[in-house]
Undergrad: 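Before I ask anything, here is the structure I am working with.
Protein chains get the first letters and strands the later ones, always in sequence-line order, with residue 1 at the start of each.
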Amino acid sequence: MRSPSFTRRASCTGRTPPDHSRCSHNCPKLKPRVKKKPPKQDPKKPKKPPTAFFYFLDDFRKIFKEQNPDVKSMRDIGKACGEKWKTMSFEEKVAYYDRATDKRAEFDKAMSDYIKRREIGEEESEESDEE
DNA sequence: GTCTTGATTGTTGCG
DNA sequence: CGCAACAATCAAGAC
């Protein structure tokens with residue numbers, strides 16, 4: 001899964017009408033999206049807020065350690081958490097989703113500012129260093 | 001580095 | 001020029 005967004009990208013997830021799904025004719029492949037993306041990490045780029053799963057992880061992590069004091073590595077927790085995560089009811093997860101969504105709302109603002117600044121020229125201060 | 005999943009963003013391609 | 005859709009990258013927390 002890459003982006004089963006709940007709030008955003010609803011249109012994307014829901015996809016477009018079957019008519020526009022493919023080319024006007026009958027192209028098997030929608031778009032040969034062979035694109036290499038240089039991981040240009042911008043210092044002003046806002047970090048991604050923890051997702052619902054991460055929030056659950058934080059809570060589950062504490063509980064899991066109490067129930068499994070032997071387990072210290074987060075790796076095992078991740079697996080157990082992921083497995084339990086799928087078993088959880090939507091109502092239980094929605095609580096984390098709501099929290100994550102709220103955080104993303106704030107993050108979205110930061111992104112807007114970041115992108116806006118980017119369009120301007122990503123220069124909020126003079127940087128001696130440049131490429 | 002591991003390990004999970006979710007979310008975000010960016011790029012591309014057609015209309 | 002703009003939207004639509006996908007693809008890749010990244011987010012953390014203990015050891």
Side-chain angles (χ1 to χ4, degrees):
Chain A
M1 305 173 193
R2 245 70 191 193
S3 48
S5 308
F6 275 73
T7 49
R8 272 181 91 148
R9 289 294 158 93
S11 308
C12 295
T13 49
R15 251 117 204 199
T16 37
D19 295 297
H20 295 241
S21 296
R22 297 185 178 83
C23 306
S24 304
H25 301 283
N26 56 337
C27 301
K29 287 176 290 205
L30 259 59
K31 297 161 192 170
R33 210 161 265 80
V34 280
K35 174 60 177 39
K36 176 182 166 294
K37 292 196 299 201
K40 185 181 181 182
Q41 296 176 329
D42 291 328
K44 289 90 178 181
K45 185 173 179 174
K47 282 190 354 187
K48 302 177 179 181
T51 65
F53 182 71
F54 270 52
Y55 279 106
F56 172 67
L57 237 155
D58 183 70
D59 188 50
F60 184 82
R61 178 172 51 83
K62 301 167 190 171
I63 300 169
F64 189 89
K65 290 188 71 169
E66 291 189 50
Q67 295 182 341
N68 303 273
D70 295 324
V71 179
K72 306 164 192 167
S73 308
M74 184 72 177
R75 292 157 281 167
D76 292 283
I77 300 174
K79 288 183 178 180
C81 191
E83 189 177 359
K84 187 177 181 67
W85 179 255
K86 293 179 180 180
T87 63
M88 286 173 66
S89 305
F90 179 77
E91 293 182 23
E92 310 243 16
K93 294 191 294 187
V94 86
Y96 295 96
Y97 275 96
D98 180 70
R99 203 188 300 179
T101 303
D102 180 69
K103 196 73 180 178
R104 291 202 328 265
E106 191 176 1
F107 170 75
D108 180 68
K109 296 175 187 172
M111 286 306 287
S112 300
D113 183 68
Y114 161 72
I115 295 173
K116 182 178 180 181
R117 209 192 294 248
R118 212 168 188 233
E119 293 181 330
I120 296 169
E122 60 189 278
E123 52 172 298
E124 79 298 326
S125 301
E126 62 261 43
E127 287 287 337
S128 305
D129 183 51
E130 60 180 85
E131 294 184 24

Undergrad: Take the protein atom CE of M111(A) and the nucleotide atom P of dA11(C), then report the distance between them rounded to whole Å.
TA: 11 Å

Undergrad: Using a strict 4.0 Å threshold on nitrogen-to-oxygen distance, state whether K79(A) and D76(A) make a salt bridge.
TA: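 Between D76(A) and K79(A) there is no salt bridge, as every charged N stays at least 4.0 Å from the carboxylate O atoms.
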
Undergrad: Aromatic rings W85(A) and F53(A): how do their planes relate, parallel, tilted or perpendicular, breaks at 30° and 60°?
TA: perpendicular

Undergrad: As a test of reading the structure: which of dG6(B), dT5(B), dT9(B) is closest to the side chain of Y97(A), going by heavy atoms?
TA: dG6(B)

Undergrad: Polar atoms only, N or O, under 3.5 Å: list the protein pairs with nucleotides 1-3 of chain B and their distances.
TA:
unit_1	atom_1	unit_2	atom_2	d
dT2(B)	O2	R75(A)	NE	3.4

Undergrad: Taking only N and O in the side chain of K86(A), is any of them less than 4.0 Å away from OP1 or OP2 of dT5(B)?
TA: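 Checking dT5(B) against K86(A), a side-chain N or O does come within under 4.0 Å of OP1 or OP2.
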
Undergrad: To the nearest Å, how far apart are D98(A) CG and dA7(B) P?
TA: 12 Å

Undergrad: Starting at the 5' end of DNA chain B, which residue's closest nucleotide do you reach first, F53(A) or F107(A)?
TA: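 The answer here is F53(A).
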
Undergrad: dT4(B), dT5(B), dT9(B): which one has an atom nearest the side-chain heavy atoms of L57(A)?
TA: dT4(B)

Undergrad: Is the ring pair F56(A)/Y96(A) parallel, tilted or perpendicular, if the boundaries are 30 and 60 degrees?
TA: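 Judged by the thresholds at 30° and 60°, the geometry between F56(A) and Y96(A) is perpendicular.
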
Undergrad: Contact class for F56(A) (heavy atom, under 4.0 Å): base, sugar-phosphate, or nothing?
TA: nothing

Undergrad: Please report, rounded to the nearest Å, how far the C1' atom of dA11(C) is from the NZ atom of K103(A).
TA: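 Rounded to whole Å, this separation is 13 Å.
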
Undergrad: Do K48(A) side-chain and dT9(B) base share a donor-acceptor contact under 3.5 Å?
TA: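 Not at all, since no donor on one side and acceptor on the other fall under 3.5 Å apart.
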
Undergrad: Atom OH of Y96(A) and atom P of dA11(C): how far apart are they, to the nearest Å?
TA: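 Nearest whole value for this atom pair: 23 Å.
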
Undergrad: What pair of heavy atoms forms the shortest contact from A52(A) to A100(A), and how long is it?
TA: N-CB, 3.4 Å

Undergrad: Taking only residues two or more places apart in sequence or in another chain, which ones pass side chain to side chain donor-acceptor pair (under 3.5 Å) with R99(A)?
TA: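 Applying side chain to side chain donor-acceptor pair (under 3.5 Å) to R99(A) gives none.
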
Undergrad: Roughly, in whole Å, what's the span from OH in Y55(A) to P in dA12(C)?
TA: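 Interatomic distance, OH of Y55(A) to P of dA12(C): 11 Å.
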
Undergrad: Rounded to the nearest angstrom, tell me the gap between atom CZ in F90(A) and atom P in dG6(B).
TA: 12 Å

Undergrad: Taking CZ from R99(A) and C1' from dT5(B), how many angstroms apart are they, rounded to a whole number?
TA: 17 Å

Undergrad: Measure CG/D59(A) against P/dA14(C) and give the value in whole Å, please.
TA: 14 Å

Undergrad: Between T51(A) and E83(A), which has a closest nucleotide on DNA chain B that is more 5'?
TA: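 It is E83(A), whose closest nucleotide lies nearer the 5' terminus.
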
Undergrad: Does K84(A) have more than 12 heavy atoms from other residues, nucleotides or ligands lying within 6.0 Å of its NZ?
TA: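 Counting other residues, nucleotides and ligands, NZ of K84(A) stays at 12 neighbours or fewer.
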
Undergrad: What nucleotide, of dA11(C), dA14(C), dT9(B), holds the atom closest to the side chain of R61(A)?
TA: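 For R61(A), the side-chain atoms sit closest to dA14(C).
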
Undergrad: Please identify each residue that fulfils ring pair (Phe, Tyr, Trp, His ring centres under 6.0 Å) with F54(A), with sequence neighbours left out.
TA: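 So F54(A) forms no ring pair (Phe, Tyr, Trp, His ring centres under 6.0 Å) with any residue.
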
Undergrad: When you measure from the side chain of F54(A), which nucleotide among dT9(B), dG10(B), dA11(C) comes out closest?
TA: dA11(C)

